[in-house]
Amino acid sequence: LPLSGDCQVARARLGRILRDRYNMERMQTETRTDSLTGLPARHTLLERLEGEWSRALGAGSSLSFVLLDIDGFKAYNKSHGYLTGDKSLALLADRLQAEMMGTVHVLSRFGGNEFAALLPNTDAAGAGAIATRLKDAVSDARIENRASETGGFLTASVGVHTVVPSEAVSIH
């Protein structure tokens with residue numbers, strides 16, 4: 001039987017709705033995971049931060065954050081090429097993730113050459129120890145860096161912040 005005009009319009013609309021939903025779900029998945037490293041993306045980390053903040057607020061526990069920046073990476077990319085830079089970031093992501101295995105801590109790609117670790121229920125001393133392990137993992141990868149003024153290998157700088165959430169402190 002041929003479809004009436006109303007049925008054809010309804011079928012076309014339903015098809016468009018289903019395609020739009022599929023595309024939206026695919027985009028959400030893609031934005032949740034960094035395509036180069038396979039790590040959670042910045043947006044995913046920030047969502048997790050909201051939940052961990054609420055949990056720590058209720059429990060009165062500490063929450064720590066580590067930001068790791070690959071030193072001189074812009075010059076490294078120019079010297080070694082962007083494809084080599086991408087490969088190096090993927091390798092470093094694997095090494096950093098290995099340092100986080102078996103924990104409730106979350107490692108993500110925070111920006112171009114930045115990685116971040118969210119460390120629930122971790123005090124400043126524990127966060128400092130993890131930051132040192134992450135920094136050492138970059139050095140231990142021994143990725144040659146011709147762009148470095150001193151020669152050698154890629155290195156990283158880290159920053160650590162620990163807070164015990166309270167009503168007087170906000171994450172925003």
Side-chain angles (χ1 to χ4, degrees), residues 17-59 61-78 80-122 124 126-141 143 145 147 153-163 165 169-172:
I17 290 168
L18 291 174
R19 275 191 310 278
D20 289 350
R21 182 177 176 121
Y22 169 79
N23 288 333
M24 186 176 71
E25 287 174 357
R26 194 181 85 214
M27 282 181 23
Q28 286 176 339
T29 300
E30 289 172 359
T31 59
R32 296 187 66 71
T33 304
D34 177 67
S35 61
L36 177 65
T37 63
L39 294 174
R42 179 183 188 140
H43 178 74
T44 304
L45 178 79
L46 295 176
E47 282 179 352
R48 177 81 184 265
L49 173 60
E50 296 263 347
E52 291 298 340
W53 183 273
S54 295
R55 191 196 59 71
L57 180 64
S61 61
S62 57
L63 183 63
S64 294
F65 188 82
V66 173
L67 187 62
L68 179 138
D69 182 71
I70 308 301
D71 298 325
F73 199 74
K74 188 174 187 176
Y76 176 84
N77 259 344
K78 284 184 178 180
H80 294 266
Y82 291 97
L83 290 176
T84 300
D86 285 352
K87 287 179 185 176
S88 297
L89 286 174
L91 172 71
L92 291 174
D94 288 343
R95 292 197 173 234
L96 296 171
Q97 183 65 28
E99 291 297 323
M100 306 293 283
M101 295 307 277
T103 68
V104 297
H105 303 150
V106 178
L107 178 71
S108 74
R109 184 166 180 205
F110 202 69
N113 60 309
E114 297 170 330
F115 296 89
L118 178 61
L119 313 173
N121 202 29
T122 305
I130 291 169
T132 299
R133 283 196 345 244
L134 294 175
K135 183 177 177 179
D136 289 347
V138 172
S139 297
D140 293 347
I143 298 173
N145 184 5
F153 305 101
L154 283 179
T155 58
S157 299
V158 293
V160 179
H161 182 72
T162 300
V163 64
V169 180
S170 170
I171 60 172
H172 299 289

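The two atoms that bring Leu107 and Gln97 nearest to each other are CD2-N, 3.5 Å, heavy atoms only. The two residues Ala117 and Leu134 make their nearest non-hydrogen contact at CB-CD1, 4.3 Å. Contact record, Ser61 with Pro165: O-CD, 3.3 Å, taken as the closest heavy-atom pair. When all heavy atoms are compared, the tightest approach of Ala141 to Leu92 is CB-CD2, 3.8 Å. The two residues Thr37 and Ala90 come nearest to each other via the heavy atoms CG2-CA, 4.5 Å. When every heavy atom of His80 is checked against every heavy atom of Ala147, the shortest pair comes out as NE2-N, 4.1 Å.
Distance check, rounded to the nearest 0.5 Å: CD of Glu114 to CG of Leu67 gives 5.0 Å. In this structure, CE on Met100 lies 8.5 Å from CG on Leu118, to the nearest 0.5 angstrom. Rounding to the nearest 0.5 Å gives a distance of 10.0 Å between CD of Glu52 and CG of Leu119. Taking OG of Ser35 as the reference point, atom CZ of Arg109 lies at 7.5 Å (rounded to 0.5 Å).
The shortest side-chain heavy-atom distance between Tyr76 and Asp71 does not fall under the 4.5 Å cut-off. At least one side-chain heavy atom of Val163 sits less than 4.5 Å from a side-chain heavy atom of His161. Looking at Thr33 and Leu39, their side chains never come closer than 4.5 Å, going by heavy atoms from C-beta outward. Contact check for Val160 versus Phe65: no side-chain heavy atoms found under the 4.5 Å cut-off. Residues Val138 and Leu96 have side chains in contact (heavy-atom distance under 4.5 Å, counting atoms from C-beta outward). Asn145 places none of its side-chain heavy atoms less than 4.5 Å from the side chain of Phe153. The side-chain heavy atoms of Arg48 and Pro40, taken from C-beta on, include no pair separated by under 4.5 Å.
Side chain of Ser64 to backbone of Thr162: no donor-acceptor contact under 3.5 angstrom is found. Distance alone, capped at 3.5 Å, is enough to place a donor-acceptor pair between the Asn113 side chain and the Ile70 backbone. Put simply, the side chain of Arg42 never gets that close to the backbone of Leu45: no donor and acceptor are under 3.5 Å apart.
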Q: Assess whether side chain to side chain contact (heavy atoms under 4.5 Å, CB included) is satisfied between Leu63 and Thr122, documenting all intermediate values.
A: CA-CA 6 Å; Leu63 183 63; Thr122 305; over 6 Å; no

Q: Show the numbers, then the answer: is there a side chain to side chain contact (heavy atoms under 4.5 Å, CB included) between Lys135 and Ser157?
A: CA-CA 7 Å; Lys135 183 177 177 179; Ser157 299; 5.9 Å; no

(Q) side chain to side chain contact (heavy atoms under 4.5 Å, CB included) for Phe115 and Val66? Distances and angles first, verdict last. (A) CA-CA 8 Å; Phe115 296 89; Val66 173; over 6 Å; no

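Remark: of the listed residues Leu36, Asn77, Asp34, Leu36 is the sole one forming a side-chain contact (heavy atoms from CB on, under 4.5 Å) with Leu89.
With respect to Arg95 and Glu99, no salt bridge is recorded, no charged nitrogen being found less than 4.0 Å from a carboxylate O.
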